[in-house]
Number of protein chains: 2
Amino acid sequence: MNENPMFSPVRVGRAGEDVALQIEAAIMDGRVKPGERLPSERDLHVQFGASRGVVREALRALKQKGLIEIKKGAKGGAFIKEAELHNASESLGLFLKLQRISAQSLIEFRESMDRTITTLAITRAEAAEKQELLEGAIQLGNLLNKDDPDMDAVHELDRRLNIRLARMTKNPVFEWIMRAVQLGLSSHDAVLYEDDEYRSRTAGNWRETAQAIADNEPLKALSYIGYHYVMLQKCLEDREVQEDNQRAEGQDADFWASTPDIPGP
Amino acid sequence: MNENPMFSPVRVGRAGEDVALQIEAAIMDGRVKPGERLPSERDLHVQFGASRGVVREALRALKQKGLIEIKKGAKGGAFIKEAELHNASESLGLFLKLQRISAQSLIEFRESMDRTITTLAITRAEAAEKQELLEGAIQLGNLLNKDDPDMDAVHELDRRLNIRLARMTKNPVFEWIMRAVQLGLSSHDAVLYEDDEYRSRTAGNWRETAQAIADNEPLKALSYIGYHYVMLQKCLEDREVQEDNQRAEGQDADFWASTPDIPGP
DNA sequence: AGTGTTGAATGGCAGGACCATTCAGGAGGA
DNA sequence: TCCTCCTGAATGGTCCTGCCATTCAACACT
């Protein structure tokens, strides 16, 4: 490393970008491979002939891009990561969020995706994968049947089931889009599991869908998916009605204030 | 701003991320709007109670995410950017390269998108929009029939036609996803218009598809789309065969070198 | 009125210092 | 011999201070 430095000094004016580009290039050509460790910040700042702050900025940028992972302590440093979908999805999800896209549009898109994904998954996934999906769906039902369901866990499991299904298409593009849409939808999404009736039905529906997939019954599966989204639409409409009512309440708050429903001890 | 600081001091240990998250949150809920300017680094490092270096790292991370743009000099600073797809597409392209995602996967995804989009566009678009699409497809054919077709223009028009079609669904998600995939794929994509036979057929096929959409004939349109992607597959396979041959040439270069097919002047 | 100059604001960079975390290896005891 | 605890070195995280380059607006000068 010292006899044949991997990196060269940088131009002024945009030293940070230059450093980041050089390291990124090294990763791209495979001069450094996943799992390997880059030199320490203190070594790099010598090799590049730039200040440590500049090197740090570059490393943070690469970390943000998902190319490296940074560990503290002795034997720490910047390690090249395996390519991950997460960051690509995050960028797209960020964008979708910023576009303030209506829940309707996202849901419509998700339904069309789900239909394609399900069809592909049935034809391509191994039986074992289908079985795992079914077990996950059953587990989701169990979580929701508890007295005090942990909604975070439910939400997370639902997310994982969708990604697992997408992965069963054997086409990573579907997984990328699914993750991005989930991130972009996250704000609306939490809402949908709040409704008691909807969430119990939706868990059952997940189970039926997974069962149909495991049984290689594409039409049945698509039918359950259709039902799922009909429920979702209805749930959304109900919520809008509720919100309208709440706005009306806000204008006439005294009425409710005079009828406390939680008596003191 | 001074009486009611927008940001709060940060915890130690991950100050940089904390700063970035707070600013990102401020952008997300619209507390700062696109085009507006954030306080200067020197102001922020006071508001956050962190060092200027930390603030700088946070700003660079946000810049990398595509959320802000940084200008030097007086009246410079960090400006909130309009949401842009560019970064999402770049991340996708990065991932595709690192993972060596096959063109097959992308094409499969595009075909499924196209089918959904076409169906929706037929039911939702105005007659005028369908007519414009048809005219664009005809124009594409004219471009390709010239003696020396401008391939950049052809490519660009093809891109625009796809986006126009996506917009006809009246669902912005389809348009954004289409744009993201197009940008992320630009590297693979250019290849496909190089083949003479493929590109003349594909232009004709675009015209037929647009005509079917204008005529409200969804099945016909889907059928043409299917044909389009069959051609694409075939074109790709041909190219792979060609590349294999070229590799074979490399291994046995003497044979071909001894049979020059371009005689000298 | 036009033009050149200057100064302030701002981001970019350098270098040094110290802290917190992590891990390997050694010291000491069971 | 083996286990536990401690210590020190390596490393990233943070802070500070200073200076430079760029940009723009206000001002002075012609």
Side-chain angles (χ1 to χ4, degrees), chain A residues 1-2 5-23 27 32 35-81, chain B residues 1-2 5-23 27 32 35-81:
Chain A
M1 187 77 70
N2 289 330
M6 185 178 297
F7 305 110
S8 356
V10 295
R11 301 189 296 284
V12 291
R14 42 172 177 162
E17 296 175 23
D18 209 343
V19 169
L21 285 177
Q22 283 198 48
I23 300 180
I27 296 175
V32 286
E36 284 183 11
R37 175 176 160 278
L38 288 175
S40 73
E41 291 180 354
R42 288 170 176 84
D43 286 343
L44 285 174
H45 109 270
V46 175
Q47 283 194 33
F48 281 111
S51 76
R52 198 180 146 208
V54 168
V55 174
R56 279 186 56 77
E57 280 190 8
L59 291 178
R60 298 295 293 253
L62 294 176
K63 178 185 170 193
Q64 215 291 317
K65 277 193 179 183
L67 289 174
I68 62 175
E69 176 187 19
I70 297 180
K71 291 179 186 172
K72 280 188 297 190
K75 303 295 174 183
F79 294 84
I80 314 299
K81 281 214 298 187
Chain B
M1 186 79 68
N2 288 332
M6 185 178 297
F7 305 110
S8 356
V10 294
R11 297 188 298 282
V12 292
R14 42 174 177 163
E17 297 176 21
D18 209 342
V19 169
L21 284 178
Q22 282 198 47
I23 299 180
I27 296 174
V32 288
E36 284 184 11
R37 175 177 160 279
L38 289 176
S40 74
E41 291 180 357
R42 288 170 174 83
D43 285 343
L44 284 175
H45 108 270
V46 175
Q47 283 193 33
F48 280 110
S51 79
R52 202 185 141 202
V54 168
V55 173
R56 274 186 60 77
E57 280 193 5
L59 291 178
R60 298 298 291 252
L62 294 175
K63 178 187 171 190
Q64 219 294 315
K65 278 192 180 184
L67 289 174
I68 63 174
E69 175 187 19
I70 296 180
K71 292 179 187 172
K72 281 188 296 191
K75 302 295 173 185
F79 295 84
I80 313 300
K81 280 215 296 190

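In what follows, chains carry the letters A, B, and so on, assigned in the order in which the sequence lines appear, proteins first and then strands, with residues in each chain numbered from 1.
A/Gly77 and A/Arg37 get closest at one heavy-atom pair: CA-NE, 4.2 Å. Listed here is the closest heavy atom pair of B/Gln47 and B/Pro39: NE2-CG, 4.0 Å.
Residues that satisfy the side chain to side chain donor-acceptor pair (under 3.5 Å) test with B/Arg52, not counting sequence neighbours, are B/Glu41. With sequence neighbours left out, the side chain to side chain contact (heavy atoms under 4.5 Å, CB included) criterion links A/Ala58 to A/Val19, A/Ala20. Remark: A/Glu69 engages no residue in a side chain to side chain donor-acceptor pair (under 3.5 Å) (not counting sequence neighbours). Remark: B/Lys63 pairs with A/Glu17 by the side chain to side chain donor-acceptor pair (under 3.5 Å) rule, at least two apart or across chains.
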- Task: Decide yes or no on side chain to side chain contact (heavy atoms under 4.5 Å, CB included) for A/Ile23 and A/Ile68, but give the supporting numbers first.
- Result: CA-CA 10 Å; A/Ile23 300 180; A/Ile68 62 175; 5.5 Å; no
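As rounded to whole Å, 13 Å separates atom P of C/dG12 from atom NZ of B/Lys71. The CG atom of B/Leu38 sits 13 Å away from the P atom of C/dT10 (whole-angstrom rounding). Computed from coordinates, the A/Leu59 CG to D/dT14 P distance equals 14 Å when rounded to whole Å. If you take CG of A/Asp43 and P of D/dT11, they are 7 Å apart, rounded to a whole angstrom. Look at CD on B/Glu69: it is 13 Å from P on C/dG11, rounded to the nearest Å. Taking atom CG of residue A/Asp18 and atom C1' of nucleotide C/dC13, one finds them 14 Å apart after rounding to whole Å. Across the protein-nucleic acid pair, A/Arg37 atom CZ and D/dA10 atom P stand 11 Å apart, rounded to whole Å. Atom C1' of nucleotide D/dT14 and atom CD of B/Glu17 are separated by 14 Å, given to the nearest angstrom.
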Tabulate protein N/O versus nucleotide N/O from nucleotides 16-20 of chain D, keeping only pairs under 3.5 Å, one per line.
none

Give each protein N/O atom lying under 3.5 Å from an N/O atom of nucleotides 21-24 of chain D, with the pair distance.
| residue | atom | partner | partner atom | Å |
| --- | --- | --- | --- | --- |
| D/dT23 | O2 | B/Ala74 | N | 2.9 |

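For A/Val54, whose side chain is taken as the heavy atoms from C-beta onward, the closest listed nucleotide among D/dG12, C/dG11, C/dA14 is C/dA14.
Heavy atoms of B/Ile70 sit under 4.0 angstrom from primed sugar atoms or phosphate atoms, though from no base atom.
The closest side-chain heavy-atom distance from A/Asp18 to A/Val54 is not below 4.5 Å. Residues A/Ile80 and A/Leu67 are not in side-chain contact: their nearest non-hydrogen atoms beyond the backbone lie 4.5 Å or more apart.
Applying the 4.0 Å criterion to OP1 and OP2 of D/dG12, one finds that A/Arg56 has every side-chain N and O outside that range.
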